[in-house]
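What follows is a single structure, written as structure tokens, with notes after it.
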Amino acid sequence: MLASVTHYIRSDVLKLLEDGSLLTHGAGQATRYAYAEAIVDVGRRDPRVVVLDVDVAKSLGTTAFAEAFPERAFNFGIAEQNMVAAAAGLATTGLIPFASGYAVFLTMRALDQVRNSIHYPRLNVKIASSHGGITPGPDGPTHQGQEDLSLMRAIANATVVAAADPLTTRLATSAAAAWEGPVYLSFTRDPVPYLYTDDYPFEIGKAVVVRDGLDATIVAVRDMVCQALVAAELLRTRGLSVRVVDCHTLKPLDAQTILSAAEETGAVVTAESNTIIGGLGSAVAEILVENYPVPMQRIGLRDTYAESGPYPDLLVKYGMSTAHIAAAVENVVERKRARA
Amino acid sequence: MLASVTHYIRSDVLKLLEDGSLLTHGAGQATRYAYAEAIVDVGRRDPRVVVLDVDVAKSLGTTAFAEAFPERAFNFGIAEQNMVAAAAGLATTGLIPFASGYAVFLTMRALDQVRNSIHYPRLNVKIASSHGGITPGPDGPTHQGQEDLSLMRAIANATVVAAADPLTTRLATSAAAAWEGPVYLSFTRDPVPYLYTDDYPFEIGKAVVVRDGLDATIVAVRDMVCQALVAAELLRTRGLSVRVVDCHTLKPLDAQTILSAAEETGAVVTAESNTIIGGLGSAVAEILVENYPVPMQRIGLRDTYAESGPYPDLLVKYGMSTAHIAAAVENVVERKRARA
Amino acid sequence: MTVDPGTMPSDAGSARAVVNGDLAPLTIAQLERMAGTIRCDIIEMICTAQAGHPGGSLSAADIVTALYFRVMRIDPRNPSWPDRDRFILSKGHACPVWYSALAERGYFDKRHLATLRRLDSILQGHPDMRKTPGIDMTAGSLGHGLSVGLGMALGGRLQGRDYHVWVVLGDGEVQEGSVWEAAMAAPRWNLGNLTAIVDCNRLQNDGYVQDIMPAGSLADKWRAFGWTAREIDGNDMAEVVRALEEARAGSTAPVRAGTMAPVCIIAHTVKGKGVSYMEDVAAWHGRAPCLEEAELALDEIRRACAG
Amino acid sequence: MTVDPGTMPSDAGSARAVVNGDLAPLTIAQLERMAGTIRCDIIEMICTAQAGHPGGSLSAADIVTALYFRVMRIDPRNPSWPDRDRFILSKGHACPVWYSALAERGYFDKRHLATLRRLDSILQGHPDMRKTPGIDMTAGSLGHGLSVGLGMALGGRLQGRDYHVWVVLGDGEVQEGSVWEAAMAAPRWNLGNLTAIVDCNRLQNDGYVQDIMPAGSLADKWRAFGWTAREIDGNDMAEVVRALEEARAGSTAPVRAGTMAPVCIIAHTVKGKGVSYMEDVAAWHGRAPCLEEAELALDEIRRACAG
Ligand SMILES: Cc1ncc(C[n+]2csc(CCOP(=O)(O)OP(=O)(O)O)c2C)c(N)n1
Ligand SMILES: Cc1ncc(C[n+]2csc(CCOP(=O)(O)OP(=O)(O)O)c2C)c(N)n1
Ligand SMILES: [Mg+2]
Ligand SMILES: [Mg+2]
């Protein structure tokens with residue numbers, strides 16, 4: 001049996017990975033809440049930080065910031081466009097606004113403001129976006145932010161970050177505050193397991209190899225990193241050594257880490273609960289064909305709307321479960337071997 | 001010297017291609033005007049067609065429809081969101097609304113409505129969008145719809161069409177009216193040459209090989225097809241036989257035509273005046289890595305905002321000129337040969 | 001269901017306009033009882049699903065009941081009848097009230113109510129016109145509905161159909177600018193066949209509207225945008241019915257020469273209406289009652305109906 | 001530039017508030033002449049570029065002149081002075097009027113005006129804060145500016161700065177719902193330090209506002225949204241200056257206990273003002289004059305200034 005070498009993975013998680021119960025028994029937290037906790041600390045350290053809400057402060061937990069710093073919290077009501085453009089105005093005065101809300105409404109209702117008033121003028125606004133991907137299961141498609149990574153990636157001057165667990169979400173929040181210029185942060189509505197140890201070297205733009213492997217690589221983002229880890233463990237029992245890359249920053253993409261993985265493993269699967277069009281899968285496909293074309297397959301929402309239902313059930317029904325990831329890996333490995 | 005075999009290209013265009021003056025001396029028309037003319041004919045044939053405007057009817061020329069069918073034309077003023085959602089409402093009553101405007105504002109200001117009220121419920125609305133890509137040169141980035149193809153491609157249930165010349169724009173308009181479900185049409189602000197003969201077999205979802213070639217393929221869309229033809233001719237004089245595919249439909253993508261091209265020519269360049277992220281380049285990269293990975297390079301706006309200036313000058317300054325396309329082809333051919 | 005003719009609506013004009021499929025329009029007392037049934041459905045559905053939005057479903061129960069059981073011209077056996085009145089729940093998160101009304105009215109079997117938000121259910125977390133019979137428009141993103149209704153009203157007029165379009169909005173929802181785009185446009189096209197009903201339950205997700213984004217007088221705003229606005233108690237069935245029937249009758253009466261103002265009904269309601277521990281409590285915007293809480297709620301609602 | 005002290009503004013409060021860098025505030029007569037100069041610049045720029053929007057630039061010339069040469073607290077030698085007043089041209093397509101005012105005021109060399117819309121120019125087709133000294137905010141997509149100004153006003157207050165934020169909008173632009181989101185929010189935060197000026201030139205791109213999407217009384221709408229609204233002749237320099245100075249002075253005066261309403265100035269103007277063949281003609285919204293037309297226009301403007 002192959003051994004597994006992982007990096008920055010908590011020891012309790014390793015045990016749960018081995019006995020296959022990480023997704024059912026792992027302790028976790030929705031990353032929206034991790035953000036809401038982190039932004040209070042960030043705000044304490046940096047008085048320039050202000051938090052803007054659009055009547056979903058209670059849903060994200062940013063009410064905690066409003067309680068800690070009432071004069072630095074602004075609830076715009078249900079008016080995403082106004083909040084986003086006002087964030088631009090606040091940023092011109094030297095403040096660092098975190099404009100918080102749901103992915104669907106921030107990246108679609110307010111996209112014109114996001115693009116023309118924040119990214120084109122490169123203003124120092126952070127967009128803190130919950131309900132990314134299909135993590136808001138039971139609410140149904142109108143609340144499932146399945147395109148946020150695709151849409152934000154298409155916007156020039158955007159920096160797009162989607163952390164995989166509560167710890168890295170905290171680190172991402174703090175890194176975003178320190179970053180000069182716009183940053184888009186994508187959070188989960190539903191809990192994801194605590195995955196990482198405190199020494200996780202979070203840096204915007206640097207993907208992290210969290211598991212070694214030589215037969216294939218899974219590049220995953222946000223809520224799909226834990227799924228990728230489970231899939232990799234499953235594949236180990238089937239004799240495949242699979243690398244896992246936590247690609248928390250979609251833009252700027254860490255081309256080096258991904259190209260090394262392509263060169264060293266020769267086969268790539270991407271995993272996201274975003275649509276397979278325009279997000280992580282496309283980002284990786286783009287740099288592979290332009291630099292080192294290898295067999296690749298994308299796991300994601302296959303260009304459809306999902307439906308209401310528990311998030312884990314949706315992953316299964318819509319082709320994003322660990323079994324689907326594992327099958328995709330076997331497929332690319334086969335294609336790689338056929339080419340050799 | 002290689003011979004060039006083309007399909008559906010007008011004979012006067014062939015001459016201008018040979019003497020290199022197509023882009024400077026070819027007769028042309030902005031495809032927004034071709035749409036505005038076509039929709040009058042379509043409206044005459046089909047009384048269900050209604051045209052909606054957002055205070056840019058004069059800019060598109062849809063005033064002609066309003067004159068011909070005053071009771072079937074609705075100008076919403078400067079209120080893109082209202083127009084798009086109202087189009088959804090009109091479609092539920094059995095009408096076929098063509099919601100017309102500028103790419104930036106239709107696909108960004110109204111994206112939430114486009115997604116949640118048209119595409120999720122699959123309503124029979126056509127979005128007729130001018131000022132695609134960087135064709136609105138002098139107006140500057142706020143009016144350059146450099147993301148429209150990327151954004152619309154990410155939306156599930158979308159059909160995305162961007163024709164290359166006035167004739168095919170007319171055919172696309174008519175095909176969109178006949179298509180059941182949402183269609184997004186992207187037009188140019190500036191003129192593009194009349195390229196095609198009347199027998200051009202326009203069909204939504206079917207890319208057309210307009211020039212044969214075996215060394216490499218340029219897959220181009222909208223305003224970049226004429227650039228691709230010029231580049232291919234240039235490369236012929238340098239001894240390369242280059243296929244040109246007019247990929248007017250980005251979604252559903254004609255995988256077969258593109259994969260055949262990849263298999264038969266072994267090297268691909270994509271050309272769009274859209275951002276290189278998420279549009280045609282990504283679409284082609286996605287299917288290549290998943291099916292037949294070959295060296296590829298993307299020509300497009302390199303993830304930046306352009307600036308005010310004449311459209312042809314912007315193509316040169318921002319890396320989308322015929323010289324850039326030609327260089328990209330030489331590069332992929334070299335990479336192909338290095339792999340062989 | 002049989003109706004006492006002595007309590008039938010007396011307004012002949014409105015009675016003529018209303019073609020209610022198999023059902024004669026209910027009396028006020030019957031409507032009140034039906035609203036109670038619908039409130040019970042809401043509690044049961046959300047409790048079973050353990051997710052959903054009770055507060056805004058309950059506040060709108062009287063309005064939706066009056067529409068579906070008396071005012072609207074509909075035929076549940078023919079949900080796509082081109083001449084039917086249209087209903088849009090622009091505050092789509094309150095869909096349990098809609099699902100219940102549709103089920104009670106016979107659009108689909110009541111057993112579906114227990115499948116709310118389940119995988120493969122016809123009852124999605126937010127209204128989906130492709131999945132649920134009787135749902136005229138998909139909703140969930142706030143601020144679309146009035147524009148959609150405007151499109152339906154334009155489409156009706158263009159095709160010579162005299163149906164009426166009813167749009168229910170939230171008092172938080174009207175903070176969306178898109179609502180005011182539609183508000184500005186409807187009078188421009190004299191859309192008397194369009195009625196907006198704002199469910200003013202004083203609460204939005206994060207708290208009182210008055211604290212989050214105070215609107216001042218909503219009626220003044222709608223009037224300034226060219227609408228005929230009237231304020232009613234949206235939980236008083238008689239008042240609700242009167243306002244709705246007058247709005248429908250008014251759709252054929254020009255307000256001044258050549259113009260026909262659409263009507264906006266500002267319905268003052270109580271969020272969570274009918275369940276004492278939910279009434280006027282922000283927390284019950286999007287929270288499901290547990291079994292015991294649900295029992296308590298059902299008990300209260302049933303007792304109020306019986307009494 | 002020297003100023004006759006006899007014609008200096010007499011309002012001490014406003015004079016104290018205005019710190020105009022190197023320049024003493026101009027008199028009404030001087031402002032009128034400056035507006036003429038700016039109108040000439042506009043014609044020359046757009047004619048040279050053979051593209052741009054003369055109509056809405058000319059209608060706003062008096063407002064922009066009054067702001068930059070008298071009312072606003074600015075220092076052209078220090079364009080990023082944190083305490084400066086902010087100006088936002090939300091109707092960004094009218095930027096020639098802004099570019100000219102900035103150049104005439106000394107933010108950059110007037111020779112740049114001839115490069116409008118050229119490749120590599122600092123003067124973009126729509127305002128770009130990263131390319132042009134003195135431009136406080138990028139614009140071009142209509143309907144953003146009031147929200148941006150609201151953010152600037154909030155940011156100023158939070159940081160204890162008493163600058164004032166001025167936002168110029170178009171009368172077509174206010175059809176955008178996002179404007180009404182900002183309109184609803186500014187009174188909620190008592191942003192007396194924010195002033196909206198609607199350039200009511202009666203025309204938008206496709207024709208008369210009254211034909212495209214009639215707004216009824218704009219003043220009523222702003223008042224219903226909680227603003228102090230006043231209507232002025234926006235091409236009468238004395239009226240413009242008075243309204244602007246009162247809005248600035250009012251930013252420190254509470255309207256009623258604990259509240260401070262922002263001011264909206266409904267400025268009735270003539271599109272194309274100053275060029276007879278452009279006045280009130282829709283076609284000149286976004287069309288450049290040819291050389292002969294420009295000569296005619298310059299002649300007219302100069303004669304009006306001299307006379
Ligand atoms: C565009 C948009 N923004 C945010 C939300 C999230 N959301 C759902 S309900 C709600 C509060 C609605 O308040 P109100 O309109 O008053 O409805 P009610 O009180 O009747 O439930 C919010 C913010 C949404 N569904 N759509
Ligand atoms: C969001 C948006 N939609 C459309 C346009 C295109 N557009 C530019 S100017 C204009 C008309 C503006 O009319 P108005 O606000 O009255 O300005 P003015 O008359 O002062 O020129 C339009 C529709 C735009 N710039 N932004
Ligand atoms: Mg409410
Ligand atoms: Mg105007």
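In what follows, chains are A, B, ... by sequence order, proteins preceding strands, each numbered from 1.
Looking at B/Arg122, both its backbone and its side chain come within 4.5 Å of chain C, counting heavy atoms on both sides. For B/Leu123, the parts lying under 4.5 angstrom from a heavy atom of chain C are both the backbone and the side chain. Neither the backbone nor the side chain of C/Trp180 comes within contact range of chain B, judged by heavy atoms closer than 4.5 Å. Neither the backbone nor the side chain of B/Val84 comes within less than 4.5 Å of any heavy atom of chain C.
Here B/Ser117 is the residue among B/Gly77, B/Ser117, B/Pro47 with the most heavy-atom pairs under 4.5 Å with chain C. Most heavy-atom pairs under 4.5 Å with chain B, from the set C/Thr138, C/Val165, C/Asp136, C/Val179: that is C/Thr138.
Closest approach of B/Phe76 and C/Leu154 over heavy atoms only: CZ-CD1, 4.3 Å. The minimum heavy-atom distance between B/Glu71 and C/Leu158, with the atom names listed, is O-CD1, 3.3 Å. Across all their heavy atoms, C/Met152 and B/Gly89 have their closest contact at CG-O, 3.6 Å. The two residues C/Ala185 and B/Asn82 have their closest heavy-atom pair at CB-ND2, 3.4 Å. Of all the heavy atoms in B/Pro121 and C/Arg130, the pair that sits closest is O-NE, 2.6 Å.
When the shell of 6.0 Å around CZ of B/Arg72 is examined, it contains more than 12 heavy atoms from other residues, nucleotides or ligands.
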Check step by step if side-chain contact (heavy atoms from CB on, under 4.5 Å) holds for C/Ser141 and B/Gln113.
CA-CA 8 Å; C/Ser141 177; B/Gln113 283 80 4; over 6 Å; no

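Here the CG-CG distance, from B/Leu90 to C/Leu150, works out to 8.0 Å after rounding to the nearest 0.5 Å. Residue B/Asn116 holds its CG atom at 10.0 Å from NE2 of C/His126, rounded to the nearest 0.5 Å. Distance check, rounded to the nearest 0.5 Å: CD of C/Glu181 to CE of B/Met83 gives 10.5 Å.
The main-chain N or O of B/Thr93 is found under 3.5 Å from a side-chain atom of C/Gln159 such that the two form a donor-acceptor pair.
Between C/Ser147 and B/Gln81, every side-chain heavy-atom pair lies at or beyond the 4.5 Å cut-off. Using a 4.5 Å heavy-atom threshold, the side chains of B/Thr92 and C/Met129 count as touching.
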